[in-house]
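See structure below.
Values below: every heavy atom of this structure, side chains too, minus hydrogens, waters and symmetry copies. One-based numbering, in listed order, for ligands and for the atoms of each.
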Amino acid sequence: MSGFRADVLTLYPEMFPGSLGISLAGKGLAEGLWSLSTTQIRDFATDKHRSVDDTPAGGGPGMVMRADIVAHALDSVSAADDDRPRLLMSPRGEPLTQAFVRDLALGPGVVILCGRFEGVDERVIEARGLREVSIGDYVLSGGELAAQVLLDAVVRLLPGVMGKLTSGDEESFEDGLLEYPHYTRPQVWEDRSIPEVLRSGDHARIAKWRQAQREEITEHRRPDLWARHLNSGKNLARSKASRKNATGT
Ligand code: SAM
């Protein structure tokens, strides 16, 4: 099958497609715009209890997923010449960003290993070149939801999945800024009106207002993104005062 191919290795294949089976991602899946296969890691266990984990070397709490079993599972779906990135969902991984999501969406697909227990034996991470990716600074009980978050973000960018709804180009993070506020009918709701500029029909003014809003929201809510944006050199970022001049607000 052509198109973006996702392989997910998990102890809970029944969690898939889960949220990926509905709405845009689900429609894309049904239409063959992308494909999803799950592999039960336990199928590669070698004992009668189908164990995939063992106690941590050096002691400590919990259990660790065994390198040999995880490697067998990985090798069964991704040969050495597979050009898809191999990811391990992991709280200590690099933070998932829209830039990485976009890169993945341009590629042939992805192989995702979902951890459980305390995590995965370090040797298989090294030996199979797994890139560790985190969806945030908190600890989930397993990598499955994290994999669904990543795949949802990627799949919606695949050609044909979003259709004409939006190109995604103006969304949060696409150029380092958060998105401007949205409004729709009714024009007045609980004494709150849609900002006058959005009803003006003046597209240049609307664009300026939206850009100023993006800058203000980013500066206020995400000083980290704002600082990066200011340092990027290609920004049109403006001070609060010049934003006021630009929009007359
Ligand atoms: N002992 C690990 C630690 O302290 O970093 C936490 C393991 S967690 C209970 C089990 C699995 O959930 C991880 O191996 C990973 O696959 C997944 N996981 C948990 N939090 C995650 C996050 N923020 N991003 C991505 N995956 C996560």
Side-chain angles (χ1 to χ4, degrees), residues 4-21 25 34 36-45 49-78 82 84-105 107 109-157 172-173 178 221-222 224-225:
F4 186 92
R5 289 185 306 123
D7 264 292
V8 176
L9 295 100
T10 169
L11 292 173
Y12 297 99
E14 62 273 27
M15 287 178 75
F16 291 86
S19 60
L20 300 169
W34 69 290
L36 173 67
S37 305
T38 51
T39 297
Q40 169 57 274
I41 300 169
R42 225 172 263 292
D43 290 346
F44 297 83
H49 301 297
R50 308 217 315 146
S51 356
V52 294
D53 55 325
D54 210 328
T55 53
M63 300 294 274
V64 176
M65 291 173 77
R66 281 172 48 162
D68 53 346
I69 292 165
V70 168
H72 276 145
L74 274 168
D75 295 347
S76 76
V77 299
S78 180
D82 187 351
R84 293 174 298 168
R86 295 183 190 135
L87 310 181
L88 167 63
M89 303 319 296
S90 162
R92 63 173 203 185
E94 62 190 281
L96 181 63
T97 62
Q98 189 66 15
F100 182 45
V101 162
R102 232 178 225 292
D103 273 359
L104 287 175
V110 69
V111 177
I112 305 180
L113 173 61
C114 302
R116 282 272 159 179
F117 316 117
E118 288 307 317
V120 181
D121 187 311
E122 192 70 21
R123 292 169 295 177
V124 72
I125 302 176
E126 291 165 9
R128 294 298 182 271
L130 302 180
R131 188 167 169 180
E132 294 182 63
V133 179
S134 165
I135 63 158
D137 292 344
Y138 40 79
V139 179
L140 304 167
S141 44
E144 289 76 13
L145 290 176
Q148 287 184 26
V149 166
L150 181 143
L151 285 172
D152 182 86
V154 171
V155 159
R156 64 193 288 279
L157 299 183
S172 294
F173 310 113
L178 301 177
R221 296 186 188 177
R222 291 290 302 271
D224 57 326
L225 289 182

Between Val133 and ligand 1, is there a nitrogen or oxygen pair with a distance under 3.5 Å?
no
So, for Phe16 and Cys114, which heavy atoms are closest and what is the spacing to 0.1 Å?
CZ-SG, 4.5 Å
In this structure, atom 23 (N) of ligand 1 is nearest to the protein heavy atom Tyr138 O, 2.8 Å
Could you tell me, atom by atom, which parts of ligand 1 come under 4.0 Å of a heavy atom of Ala146?
25 (C), 26 (N)
Measuring from atom CG of Asp137 to atom CZ of Arg92, what distance do you get when rounded to the nearest 0.5 angstrom?
14.5 Å
Taking only residues two or more places apart in sequence or in another chain, which ones pass side-chain contact (heavy atoms from CB on, under 4.5 Å) with Ser134?
none
What is the minimum heavy-atom distance between Phe117 and Met65, and which atoms define it?
CD1-CG, 3.6 Å
For atom 24 (N) of ligand 1, closest protein heavy-atom neighbour:
Ile135 N, 3.1 Å
Closest non-hydrogen atom pair between Val52 and Arg42, with its separation
CG1-CA, 3.7 Å
For ligand 1, which atoms, with element, lie under 4.0 Å from some heavy atom of Gly119?
14 (O)
Among protein heavy atoms, which sits nearest to atom 7 (C) of ligand 1, and what does the distance come to when rounded to 0.1 Å?
Phe117 O, 3.4 Å
May I ask you to check if ligand 1 and Ser90 share an N or O to N or O distance below 3.5 Å?
yes
Can you measure from CG (Asp54) to CG (Asp121) and round to the nearest 0.5 angstrom?
10.0 Å
Drop me the distance from Asp7's CG to Asp82's CG, to the nearest 0.5 angstrom.
8.0 Å
Shortest protein heavy-atom distance from atom 14 (O) of ligand 1, along with the residue and atom involved
Gly115 CA, 3.5 Å
Per-atom filter on ligand 1: closer than 4.0 angstrom to a heavy atom of Val139 are 6 (C), 8 (S), 9 (C), 20 (N)
In the protein, which heavy atom is nearest to atom 2 (C) of ligand 1, and how far is it?
Glu118 O, 3.4 Å
Of the protein's non-hydrogen atoms, which lies at the shortest distance from atom 15 (C) of ligand 1, and what is that distance?
Met89 O, 3.0 Å
Can you name the residues that form a side-chain contact (heavy atoms from CB on, under 4.5 Å) with Thr97, not counting sequence neighbours?
Ala99, Phe100
In Å and rounded to the nearest 0.5 Å, what is the CD1 to CG distance from Ile69 to Leu9?
13.0 Å
State the atoms of ligand 1, each with its element, that fall below the 4.0 Å cut-off from a heavy-atom position in Ser134.
23 (N), 24 (N), 25 (C)
Just which atoms of ligand 1 are under 4.0 Å from any heavy atom in Gly143?
12 (O), 16 (O), 17 (C)
Distance to 0.1 Å, residue and atom name: give those for the protein heavy atom nearest to atom 5 (O) of ligand 1.
Pro91 CG, 3.3 Å
Do any N or O atoms from the side chain of Arg116 and from the backbone of Leu11 form a donor-acceptor pair under 3.5 angstrom?
no
Heavy atom of the protein closest to atom 8 (S) of ligand 1 (residue, atom name, distance)
Leu140 O, 3.2 Å
